[in-house]
Structure formats: C-alpha cells, structure tokens
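Written out below as structure tokens is the structure these notes cover.
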Amino acid sequence: MAKQNLTPQSGRRKLVAKANPKSPISEQYRTIRTNIEFSAVDEEIRTLMVTSSGPAEGKSTTTANLAVVFAQQGKKVLIVDADMRKPTVHYTFGVTNTTGLTNVLTRQVTLEEAARSTDMENLNVLPSGPIPPNPAELLGSKGMQVFFEKAKERYDMIIFDTPPVLAVTDAQILANKCDGTVLVVASGKTELESAQKTKELLSAAQAKLLGVVLNNKKMEKTDYYYYYGTN
C-alpha cells in the first residue's frame, strides 16, 4: 500500500464529514449512509456508484464525504476515481495521480500497489491514473470484473466516482456492475428534464438506483443534503 502525505487544505475543504463531523451537513451524510445500508433487503451494498446528470452538481464532493462516513463507521473503504476524463479524487485527498485505476485495469500494477492510504483510518483511495484514450472500453473490460473481485477481497465498501451520465456512457457501463447507484442533483441547477433523462438511462443500463441526493438546498442559512428513496 503506497503511503501518501495529504497536502494542505486545498482539496480537503470538501471533506466536511472529516473536518467538522458534528456539523449538520456531516449528519446528513450519515443519514445518507444509513439509508444506503437499509436499502438492501436481501444483500449488503458493497459496491456503490455515485453519479450526476451534468458537471458541477456536487457528485465528487458527495462521493468523498460518503467514503469518509463509511470509514468512520469502521468499514474498510476504497474510493475509486472512475472519472478517467476529468479526475478529481486525487485533489480532494491530496494524493498523486501517476498510477491508478487505468494501470490496474491494464494489468500494469496490482490494486494493492496502486491504492493510496490516507490520514483517515480505514479509508484508501484509488486515483484514476493516466487519462486513457478509451475510458468506456476499460470500464467494460474483463479487467474491470477482475478488479471488482479483488477489491471485494480487501474492502468492505467500494465507492465509485463516475462521470456525469448525460456527458458520456461511462457511468451507464459501470452502473449494472455495482450493487447500487446514488444520483446527485443540485438544487436550482439540475433541470428536471435532465434528471428524468438520467434516471431513464440508468434504468436502461439496469442500474439499481437507491435514491437521489439533493445538493445545495439551503435552509436556515445552512446547506443540507437530503436523501430520497426511489420505490
């Protein structure tokens, strides 16, 4: 496991669940965690995909903080940057991106060699690695299936940060491989038509949509995050 020192607060400002675990926002992330856990009736959710309709809707911030609250619960967590086009997870956690998911999928390195430790107990990060010319093909490859098997052997929870659904097909390819999918929408930004189209595409990809996180909804001068089931 590669050791990394986190950089100063540049990326870590987004990790409110770590920096201020008693804040109302952190409590909402824990509520989302609880809803995810209770959404599985017959089997445990161990692989989770977080996505959005379009860019800048809070998808990556939500992914990172969910990883933090699952790790705080005592689960061994791996957050995977599966956005091979515009990766951001390495910035958030202050790790290098010279080696990552792309290298693992092309069998250049093992998962153990590519995963980065953080200063949080139980939480490891797998950056995207070098940007490849064929992200969708890599996500749909046999190497990805092997990755799932290896990751489940080492971690209790694997959380994927993926590109927006309406931008590219990457998220749809990964959706039916995961135990569950969470859709992030931004209050006042995400158009209803875009959200509906995203839900249709995820359903067509046989994704198990667990619910929606409404991001940036302001109440009493504080940003809260809400979680809605999709029965």
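Quick caveat, the model's predicted, so the values are computed rather than measured. These numbers come from the heavy atoms of this one structure, side chains and all, not from hydrogens, waters or symmetry mates.
Here the side chains of Gln108 and Thr99 are not in contact, with every heavy-atom distance at 4.5 Å or above. Using a 4.5 Å heavy-atom cutoff, the side chains of Pro87 and Ile131 are in contact. Counting heavy atoms from C-beta on, the side chains of Asp179 and Glu43 come closer than 4.5 Å. A 4.5 Å side-chain heavy-atom check between Lys199 and Val212 finds every atom pair outside the cut-off. Residues His90 and Val125 have side chains not in contact (no heavy-atom distance under 4.5 Å, counting atoms from C-beta outward). You'll find the side chain of Leu210 reaches within 4.5 Å of the side chain of Leu48, heavy atoms only. At a threshold of 4.5 Å between non-hydrogen side-chain atoms, the residues Met144 and Ser141 count as touching. Under the 4.5 Å side-chain criterion, counting only non-hydrogen atoms from C-beta, Val50 is not in contact with Asp161.
Nearest heavy atom pair, residue Asn124 against residue Ser117, reads OD1-CA, 3.4 Å. Closest heavy-atom contact between Ala114 and Val104: CB-CG2, 3.6 Å. Taking all atoms of both residues into account, the shortest heavy-atom contact from Ser23 to Val16 is OG-CG2, 3.7 Å. Nearest heavy-atom pair, Val185 versus Ala195, reported as atom, atom and distance to 0.1 Å: CG1-CB, 4.4 Å. Taking all atoms of both residues into account, the shortest heavy-atom contact from Lys208 to Ser39 is NZ-O, 4.5 Å. Of all heavy-atom pairs between Leu126 and Ala115, the closest is CD1-N, 4.0 Å.
Remark: side-chain polar atoms of Thr198 are not paired, donor with acceptor, to backbone N or O of Val165 under 3.5 angstrom. Side-chain atoms of Thr61 do not come within 3.5 Å of backbone N or O of Lys14 as any donor-acceptor pair. Panel note: side chain Thr63, backbone Lys59; a donor-acceptor pair is recorded below 3.5 Å. Of the possible polar contacts, none joining the Arg46 side chain to the Met157 backbone as a donor-acceptor pair under 3.5 Å is found. Although no hydrogens or angles enter the test, the distance criterion places a donor-acceptor pair under 3.5 Å between the side chain of Thr110 and the main chain of Glu113. A donor-acceptor pair under 3.5 Å links the side-chain atoms of Arg30 to the main chain of Pro21, judged by distance alone.
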With side-chain contact (heavy atoms from CB on, under 4.5 Å) as the criterion, how do Val68 and Tyr29 come out once you've worked through the C-alpha distance, each side chain's angles and the decisive distance to 0.1 Å? CA-CA 9 Å; Val68 168; Tyr29 280 121; over 6 Å; no
Kindly indicate, with the supporting measurements, whether the criterion side-chain contact (heavy atoms from CB on, under 4.5 Å) is fulfilled by Ser128 and Asn97. CA-CA 7 Å; Ser128 71; Asn97 194 32; 3.4 Å; yes
Starting from the C-alpha separation in whole Å, work towards a yes-or-no answer on side-chain contact (heavy atoms from CB on, under 4.5 Å) for Asn65 and Val69. CA-CA 6 Å; Asn65 281 281; Val69 295; 5.7 Å; no
Would you sort out whether Met120 and Gln72 count as a side-chain contact (heavy atoms from CB on, under 4.5 Å), showing the intermediate values? CA-CA 8 Å; Met120 277 203 65; Gln72 289 172 338; 3.8 Å; yes
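More than 12 heavy-atom neighbours from other residues, nucleotides or ligands sit within 6.0 angstrom of CD on Glu149. Within a 6.0 Å sphere centred on CD of Glu191, other residues, nucleotides and ligands contribute 12 heavy atoms or fewer.
Both Ile25 and Val213 are assigned to one and the same hydrophobic cluster, defined by single-linkage of ILVMFWY side chains at heavy-atom distances under 4.5 Å.
With values rounded to the nearest 0.5 angstrom, Leu111 atom CG is found 10.0 Å from Leu105 atom CG. Atoms CG and OG1, on Leu174 and Thr51 in that order, are 9.5 Å from each other to the nearest 0.5 Å. Atom OG1 of Thr162 sits about 11.0 Å away from atom CZ of Arg85, to the nearest 0.5 Å. Here Ile45 contributes atom CD1 and Arg33 contributes atom CZ; the two are 15.0 Å apart, rounded to the nearest 0.5 Å. Rounded to the nearest 0.5 Å, atoms OG (Ser60) and CG (Asp83) are 6.5 Å apart. Between atom CG of residue Leu183 and atom CD of residue Glu57 there is a gap of 8.0 Å, rounded to the nearest 0.5 Å.
Residues satisfying the side chain to side chain contact (heavy atoms under 4.5 Å, CB included) criterion with Thr34, sequence neighbours excluded, are Phe38. Partners of Glu44 by salt bridge (Lys or Arg N to Asp or Glu O under 4.0 Å), not counting sequence neighbours, listed by chain and number: Lys75.
Checked against the 6.0 Å centroid threshold, Phe148 and Phe160 count as a close aromatic pair.
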